[in-house]
Engineer: 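One structure, pasted below without further comment.
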Amino acid sequence: GGFFAEQIEAFLSASLQDGEGFTATMWLTPETRLEDGAVMTLGHEVPSKNGWLRIEQHGSFLRIGIATKSGPFDLLAGDVKAAITTSITVSCNRTHAVIFRDGVEVARKALPAALVRPEGLTLRLGSSSPDVVGWKGAVEGICLYGRALSATEVRTLHDSTAQRRSQREHVPSLHVRAVLRGKSTVPTPEELAPYTQGLTVFLYEVVKVLSGDYDGSQLHVAHWTVLDERALAFASVLEGSMHELRLEPYDGNPQLAAENLSDDIVEDFTIPYFYDAGGRSLRDVKSSREE
């Protein structure tokens, strides 16, 4: 799937207008080593094929695309390691683009022409098309600056973020193949209003534990069924269908505490609650039924 941060378009364009360059940094965790898809795109209101700035996984490599007045300009940011988190920084001034991984410079290249004027930029994470499943992985810690950062600044930013991340409590993950056995009442966007998003608990029977530890025969999973006032297709997935689910304990995701949660399927409260951390509910319902 994909996420559009449309509400910050004007702010992004204004912040990058001075023409002195920019810096974009993020932490990303690819789910697989071989994948094609956009991780993050800064695009115009009518985006070109590659957008104004594009970070994507291209097979086993990360590729950075920058829009210049002479056309798209690409750099490779190194190879991809599945399930390994790394920080990527793109720092661009009037003449050069520099790529850093984990605070260390890995690529530098002269720009062939000036940057395209940054007007009407929209931040997109993942796919920009509703018909595309999208890049598989996790993105966090996105920072955008209206100027090029020095190598020292990039290293300091990386080290301070890495320190904060190291202090987090570890959240165990679970990967299972399971059959859907029941669903709580799925609210419509109209029923949730004025709230714009909500989770619904589904009941699954475990067929096989693919990774992680779990010895139960059933589990509850909270899926997103409404996001941005829009009903997600996975809400209508059929009971009896089989799915591969990447899960985390629901209590290990405190950011969900204030979200709307429909859980009237729950009768046995000894069956643990999990969260759909792999984004199964954000993917196309046809591919969900086929797994």
Engineer: Just wondering, do Val90 and Thr25 contact through their side chains at under 4.5 Å, heavy atoms?
Structural biologist: no
Engineer: Indicate yes or no: at least one non-hydrogen side-chain atom of Asp79 is less than 4.5 angstrom from one of Ser60.
Structural biologist: no
Engineer: Have Glu35 and Thr32 got a donor and an acceptor in their side chains that come within less than 3.5 Å?
Structural biologist: yes
Engineer: Any idea which heavy atoms bring Gly51 and Thr41 closest together, and the distance?
Structural biologist: CA-CG2, 4.2 Å
Engineer: Do Leu227 and Leu192 land in one hydrophobic cluster if side-chain heavy atoms of ILVMFWY residues count as linked below 4.5 Å?
Structural biologist: no
Engineer: Are Ile88 and Ile84 grouped together when hydrophobic residues (ILVMFWY) are joined by side-chain heavy atoms under 4.5 angstrom apart?
Structural biologist: no
Engineer: Would you check if the side chain of Lys183 reaches a backbone N or O of Val237 as a donor-acceptor pair within less than 3.5 Å?
Structural biologist: yes
Engineer: Of all the heavy-atom pairs spanning Ser70 and Ala113, show the shortest one and how long it is.
Structural biologist: OG-CB, 3.5 Å
Engineer: Over 60° means perpendicular and under 30° means parallel, so tell me whether Phe234 and His243 are parallel, tilted or perpendicular.
Structural biologist: perpendicular
Engineer: I need the Leu76 CG to Lys109 NZ distance, nearest 0.5 Å.
Structural biologist: 8.0 Å
Engineer: Please report the closest heavy-atom contact between Leu261 and Ala222, naming both atoms and the distance.
Structural biologist: CD1-CB, 4.1 Å
Engineer: Considering all heavy atoms of both residues, which atom of Arg101 and which atom of Gly78 are nearest to each other, and what is their separation?
Structural biologist: NH1-C, 3.3 Å
Engineer: In the structure I gave you, are the side-chain heavy atoms of Trp52 and Val116 within less than 4.5 Å of one another anywhere?
Structural biologist: yes
Engineer: Please check if atom CD in Glu267 has more than 12 non-hydrogen atoms from other residues, nucleotides or ligands closer than 6.0 Å.
Structural biologist: no
Engineer: Tell me, do Leu219 and Val206 make a side-chain contact under 4.5 Å, heavy atoms counted?
Structural biologist: yes
Engineer: Might you work through the side chain to side chain contact (heavy atoms under 4.5 Å, CB included) test for Leu62 and Leu28, ending with a clear yes or no?
Structural biologist: CA-CA 11 Å; Leu62 290 172; Leu28 58 89; 4.3 Å; yes
Engineer: Among Val186, Leu199, Leu245, exactly one meets side chain to side chain contact (heavy atoms under 4.5 Å, CB included) together with His223. Which residue is that?
Structural biologist: Leu245
Engineer: Are Leu144 and Leu149 in one and the same hydrophobic cluster, where Ile, Leu, Val, Met, Phe, Trp and Tyr link if side-chain heavy atoms are under 4.5 Å apart?
Structural biologist: no
Engineer: Apply the test side chain to side chain contact (heavy atoms under 4.5 Å, CB included) to residues Ile142 and Leu125: give CA-CA distance (whole Å), side-chain angles for both, the deciding distance (0.1 Å), then the verdict.
Structural biologist: CA-CA 10 Å; Ile142 297 175; Leu125 301 179; 3.4 Å; yes
Engineer: Any donor-acceptor pair under 3.5 Å linking the side-chain atoms of Asp264 with those of Thr185?
Structural biologist: yes
Engineer: Are Leu174 and Phe202 co-members of a hydrophobic cluster defined by side-chain heavy atoms under 4.5 Å apart?
Structural biologist: yes
Engineer: Could you check, using the six-membered ring where one of them is a Trp, whether Tyr214 and Phe274 have ring centers closer than 6.0 angstrom?
Structural biologist: yes
Engineer: Checking the side chain of Lys81 only, and the main-chain atoms of Thr86 only, is there a donor and an acceptor separated by less than 3.5 Å?
Structural biologist: no
Engineer: By side chain to side chain contact (heavy atoms under 4.5 Å, CB included), which residues pair with Ser217, not counting sequence neighbours?
Structural biologist: none
Engineer: Working to the nearest 0.5 Å, report the span between CD1 of Ile66 and CG of Leu115.
Structural biologist: 7.0 Å
Engineer: First locate atom CG of Leu121, then atom CG of Leu53, and finally report the distance between them rounded to the nearest 0.5 Å.
Structural biologist: 9.0 Å
Engineer: Under the ring pair (Phe, Tyr, Trp, His ring centres under 6.0 Å) rule, collect the residues that match up with Phe61, sequence neighbours excluded.
Structural biologist: none
Engineer: Measuring only between side-chain heavy atoms, which start at C-beta, is Ser211 closer than 4.5 Å to Ser173?
Structural biologist: no
Engineer: Report yes or no: do Leu232 and Tyr275 belong to one cluster of Ile/Leu/Val/Met/Phe/Trp/Tyr joined by side chain heavy-atom distances under 4.5 Å?
Structural biologist: yes
Engineer: Assess, by modelled atom type and distance only, whether the side chains of Asp276 and Ser281 contain a donor and an acceptor separated by less than 3.5 Å.
Structural biologist: yes
Engineer: Does Glu259 use its side chain to pair, donor to acceptor, with the backbone of Trp224 at less than 3.5 Å?
Structural biologist: no
Engineer: Less than 4.0 Å between a side-chain N and a carboxylate O, is that true for Glu244 and Arg280?
Structural biologist: no
Engineer: Would you say the side chains of Ser184 and Asp263 form a donor-acceptor pair under 3.5 Å?
Structural biologist: no
Engineer: Is Asp213 atom CG crowded by more than 12 heavy atoms from other residues, nucleotides or ligands, each under 6.0 Å away?
Structural biologist: no
Engineer: Rounded to the nearest 0.5 Å, how far does CZ of Arg246 lie from NE2 of His175?
Structural biologist: 4.0 Å
Engineer: Please answer whether the main-chain N or O of Thr270 pairs with a side-chain N or O of Asp268 as donor and acceptor at a distance below 3.5 Å.
Structural biologist: yes
Engineer: Please check if any side-chain donor atom of Asn260 sits under 3.5 Å from a side-chain acceptor atom of Gln197, or the reverse.
Structural biologist: no
Engineer: Any chance you could pull the hydrophobic cluster mates of Trp27, using side-chain heavy atoms under 4.5 angstrom and chaining through other members?
Structural biologist: none
Engineer: Which distance, rounded to the nearest 0.5 Å, do you find between the CZ of Arg181 and the NE2 of His220?
Structural biologist: 13.5 Å
Engineer: Within a strict 4.5 Å, meaning less than it, do heavy atoms of the Leu75 and Arg63 side chains meet?
Structural biologist: no
Engineer: Over all heavy atoms of both residues, which pair between Val207 and Met242 is shortest? Give the atoms and the distance, please.
Structural biologist: CG2-CE, 3.9 Å
Engineer: Is a side-chain N or O of Asn93 found less than 3.5 angstrom from the main chain of Thr95, in a donor-acceptor match?
Structural biologist: yes
Engineer: Checking His96 against Leu111 for the side chain to side chain contact (heavy atoms under 4.5 Å, CB included) test, could you report, in this order, the C-alpha distance in whole Å, the side-chain angles of both residues, the deciding distance, and whether it holds?
Structural biologist: CA-CA 5 Å; His96 285 77; Leu111 294 177; 5.7 Å; no
Engineer: Just by modelled atom types, is the Ser160 backbone N or O under 3.5 Å from a matching donor or acceptor in the Gln163 side chain?
Structural biologist: no
Engineer: For residues Met40 and Met26, determine if any side-chain heavy atom of one lies less than 4.5 Å from a side-chain heavy atom of the other.
Structural biologist: yes
Engineer: I'd like to know if the side chain of Trp135 pairs up with that of Glu56 as donor and acceptor (distance under 3.5 Å, no hydrogens or angles considered).
Structural biologist: no
Engineer: Can you check whether Glu153 reaches Arg147 side chain to side chain, under 4.5 Å on heavy atoms?
Structural biologist: yes
Engineer: Looking only at side chains, do Ser91 and Thr23 share a donor and an acceptor under 3.5 Å apart?
Structural biologist: yes
Engineer: Please report the interatomic distance OG1(Thr156) to CG(Asp159), rounded to the nearest 0.5 Å.
Structural biologist: 6.5 Å
Engineer: Taking all non-hydrogen atoms of both residues into account, name the closest pair between Tyr204 and Ala178 and its distance.
Structural biologist: CB-CB, 3.8 Å
Engineer: Given the rule in the side chain to side chain contact (heavy atoms under 4.5 Å, CB included) test, do Thr122 and Leu42 qualify, once you have shown the distances and angles that lead to the verdict?
Structural biologist: CA-CA 6 Å; Thr122 298; Leu42 277 176; over 6 Å; no
Engineer: Start with the C-alpha gap between Arg155 and Glu105, add the side-chain angles, then the distance that decides, and say whether salt bridge (charged side-chain N to carboxylate O under 4.0 Å, His left out) holds.
Structural biologist: CA-CA 9 Å; Arg155 184 70 196 187; Glu105 181 179 325; over 6 Å; no
